[in-house]
Amino acid sequence: MARPSLNDLNENDRALLAEEIQRYVTPDIVDIHWNAVLSGAHNDPAMFLSFHRDYISGLENFLSDRGYTQFVPLPAWNPKNPIPEEFNIPDAGPGRLQNLNPDISFSPEFDRENLNAFGTEEELGEALMTRHNLVHARIGGIMNSMRLAPLAPIFWPFHGFIDGIWQDWQDLQ
Ligand SMILES: [Cu+2]
C-alpha cells in the first residue's frame with residue numbers, strides 16, 4: 001500500500017501523529033538507530049535501506065497497537081514540500097530545526113518511471129543516501145545529528161518517503 005503524503009493530512013492528524021511519534025521515541029529507540037549507524041547503516045547502501053525500513057515498522061507497530069491504523073503505513077514527507085508546522089519539533093533550544101524548507105527535490109531521478117536506471121539495490125541505496133544526507137544537513141539542528149535525528153518527528157515521515165522510493169523500485173523488479 002502506498003504511503004500517503006504528510007502534507008496532505010489535516011492539521012489535527014499531523015499534530016496527533018507528531019505527538020504519537022514523540023511518545024514512541026524513547027532513548028532506547030534513539031539508541032537503536034545510533035547502534036545501527038555504528039554498524040554501518042549509513043555507509044552500506046543496502047543496509048541503509050533495510051535498516052530504516054525495519055526501524056519505521058517499529059513505529060508502525062506501535063501506532064497500530066495504539067489504534068492509529070490511519071497512520072499505517074506511515075505517511076511520507078517529500079522534502080520538496082516545507083516541513084509542516086506541526087512537525088517543527090524541536091522548535092527551540094540548540095537542537096531546534098534550523099530550516100523548515102530544505103527545498104530538495106528527488107525528481108526526476110527517483111520518479112517511478114525512471115527508477116529502472118538503478119540496476120541494483122546498492123546503486124539505488126547509494127544515490128538515495130547521498131540525497132538524503134543533504135536533506136538532513138539542510139534542515140539542521142538535531143536532524144543533522146546522526147545520533148539524535150530520530151528525536152525529530154519529521155525524521156520518520158522523511159524515512160517513509162525514502163522507503164517508498166525503494167518500494168517503488170522493488171515493485172519494478
Ligand atoms: Cu535519515
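Counting starts at 1 for both ligands and their atoms, in listed order. Being a predicted model, the structure only gives us computed values, none of them experimental.
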Exercise. Using a cut-off of 2.8 Å, how many protein N, O or S atoms lie below it in distance from the Cu ion (ligand 1)?
Worked result: 3
Exercise. Is any NZ, NE, NH1 or NH2 atom of the basic residue among Glu60 and Arg3 found under 4.0 Å from an Asp or Glu carboxylate oxygen of the other?
Worked result: yes
Problem set entry | Salt bridge present between Arg23 and Glu20 (N-O < 4.0 angstrom) | yes
Problem set entry | Exercise: do His136 and His42 side chains pair donor with acceptor under 3.5 Å | no
Problem set entry | Donor + acceptor pair across side chains of Glu121, Trp166 (<3.5 Å) | yes
Problem set entry | salt bridge (Lys or Arg N to Asp or Glu O under 4.0 Å) assessment of Arg14 paired with Glu85 | CA-CA 9 Å; Arg14 281 200 298 256; Glu85 195 46 51; over 6 Å; no
Exercise. When you look at Asp91 and Arg96, which way does the salt bridge (Lys or Arg N to Asp or Glu O under 4.0 Å) test go after all the steps?
Worked result: CA-CA 5 Å; Asp91 66 353; Arg96 73 182 183 283; over 6 Å; no
